[in-house]
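So that the names make sense, note that chain A is the first sequence line, chain B the second, and so on, each numbered from 1. All values below were derived from every heavy atom in this structure, side-chain atoms included, with hydrogens, water molecules and symmetry-related copies excluded. Predicted, not measured: the structure shown is a model, and the values here were computed from it.
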Amino acid sequence: MADRSVPARRPKYLNLLRIRLPLPGIVSIMHRISGVFLIVVLPFAIYVLDVALTSEEGYAAVAAAFAHPLAQLATFTCLWALYHHLCAGIRFLLIEMHVGVELAAARASAAAAVAAGFLLAVAHSGALFL
Amino acid sequence: MSARRRAIGAHYGVSEWALQLLTAVVMIVCAIWLAGAWLLVQPDSHARLAEFIGSELVRLPLMLLILALVWHAWIGAKSVMMDYLPWDWFRLVKLTGAACYLIVCLIWAVAVLWGVA
């Protein structure tokens with residue numbers, strides 16, 4: 001019988017290196033990573049809007065900056081994070097409403113969220129830069 | 001034990017979960033509105049962008065979106081940090097830091113939006 005006088009050393013924090021996840025779990029952790037990423041890039045988005053709004057020169061400078069491939073790649077990354085976060089978030093909202101709770105449906109919607117998030121980012125980037 | 005006393009937890013989680021959902025829905029609704037307005041107006045110069053952001057039909061939903069975003073980000077950042085950053089003594093610093101970061105973002109965004117004529 002287990003000794004109940006000594007509290008079990010339960011893990012209080014998660015060791016990310018020891019976790020192997022199924023697809024819905026990957027969507028979930030990508031939702032968290034994209035969320036943190038979006039918080040980190042938020043000031044850059046405000047800065048770009050600030051510069052573009054302040055003057056004609058600022059607007060032209062922003063337009064010129066976004067002609068650079070690296071800026072476009074960064075924009076694509078931000079859009080991917082945004083759309084993945086959105087799609088995975090809508091999936092969570094549906095699951096909260098008990099839509100698609102069964103394993104097969106949850107796996108399918110996880111794959112759909114990954115695909116939709118990526119495709120929306122590609123389409124939006126294409127509309128912006130092509 | 002008194003029947004009124006809860007056995008476990010302070011139930012902060014439920015209200016945070018509900019607020020996370022509510023702010024998400026607010027952001028989605030505002031974003032759809034703003035995307036529609038953007039596609040309708042297609043502001044493609046500095047003057048038209050300033051006019052677009054300056055119109056109350058854009059500025060107010062954008063303001064609401066940013067408020068919901070900062071609140072959503074605060075709840076998300078807090079739960080992520082409490083899950084993964086394992087330094088107990090660091091708790092106050094990291095939570096205060098995140099709060100300051102988001103408050104600065106909020107004030108800056110408001111200043112940018114209301115700086116437009």
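Proximity to chain A involves both the backbone and the side chain of B:Ser79, based on heavy atoms less than 4.5 angstrom apart. Using a 4.5 Å cut-off between heavy atoms, A:Leu38 does not touch chain B at all. With a threshold of 4.5 angstrom between heavy atoms, A:His31 does not approach chain B through any atom at all. Neither the backbone nor the side chain of A:Phe92 comes within less than 4.5 Å of any heavy atom in chain B. Only the side chain of A:Ile29 comes within less than 4.5 Å of a heavy atom of chain B; its backbone N, CA, C and O stay farther away. Interface residue A:Leu93: only side-chain heavy atoms are found under 4.5 Å from chain B. Heavy atoms of B:Val104 lying under 4.5 Å from chain A are absent altogether.
A 6.0 Å sphere centred on CZ of A:Arg107 holds no more than 12 heavy atoms belonging to other residues, nucleotides or ligands. No more than 12 heavy atoms of other residues, nucleotides or ligands lie within 6.0 Å of CZ in A:Phe44, so this atom counts as exposed by the packing criterion. At most 12 non-hydrogen atoms from other residues, nucleotides or ligands lie less than 6.0 angstrom from CZ of A:Phe118.
Of all heavy-atom pairs spanning B:Trp108 and A:Asp50, the tightest one is NE1-OD2, 3.3 Å. Nearest heavy-atom pair across B:Ala77 and A:Ile39 is CB-CD1, 3.9 Å.
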* **Full working for side-chain contact (heavy atoms from CB on, under 4.5 Å) between A:Thr54 and B:Val112** => CA-CA 9 Å; A:Thr54 303; B:Val112 168; over 6 Å; no

* To do: I would like to know whether B:Met27 and A:Leu86 meet side-chain contact (heavy atoms from CB on, under 4.5 Å); could you show each step before the answer?
  => CA-CA 10 Å; B:Met27 279 191 287; A:Leu86 176 67; over 6 Å; no

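Transitive grouping of hydrophobic side chains (ILVMFWY, heavy atoms separated by less than 4.5 Å) keeps A:Leu73 and A:Phe37 in distinct clusters. Side-chain heavy atoms closer than 4.5 Å link hydrophobic residues (I, L, V, M, F, W, Y) into clusters, and following such links, possibly through other members, connects B:Leu57 to B:Leu60. Linking Ile, Leu, Val, Met, Phe, Trp and Tyr residues whenever their side-chain heavy atoms come within less than 4.5 Å places A:Leu120 and B:Trp38 in a single cluster. Following chains of ILVMFWY side-chain contacts shorter than 4.5 Å, one cannot reach A:Ile33 starting from A:Val27, and the two form parts of different hydrophobic clusters. Under the 4.5 Å side-chain heavy-atom criterion for Ile, Leu, Val, Met, Phe, Trp and Tyr, A:Val114 and A:Leu21 are members of distinct hydrophobic clusters.
Looking only at heavy-atom pairs under 4.5 Å with chain A, the residue among B:Ser45, B:Ala47, B:Ala109, B:Ala24 that has the most is B:Ser45.
Interatomic distance, A:Leu49 CG to B:Leu62 CG, rounded to the nearest 0.5 Å: 7.5 Å.
Between the side chain of B:His46 and the backbone N or O of A:Ala60, no donor-acceptor pair lies under 3.5 Å. Within the 3.5 Å criterion, the main-chain N or O of B:Leu49 finds no donor-acceptor partner in the side chain of A:Tyr59.
Residues that satisfy the ring-ring contact (aromatic ring centres under 6.0 Å, His included) test with B:Trp17, not counting sequence neighbours, are absent from this structure.
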Counting only pairs under 3.5 Å, give me each side-chain donor-acceptor contact of residues 64-76 of chain B, with atom names and distances, residues two or more places apart or in other chains.
{"unit_1": "B:His72", "atom_1": "ND1", "unit_2": "B:Gln20", "atom_2": "O", "d": "3.3"}
{"unit_1": "B:His72", "atom_1": "ND1", "unit_2": "B:Gln20", "atom_2": "OE1", "d": "3.2"}
{"unit_1": "B:His72", "atom_1": "ND1", "unit_2": "B:Thr23", "atom_2": "OG1", "d": "3.0"}

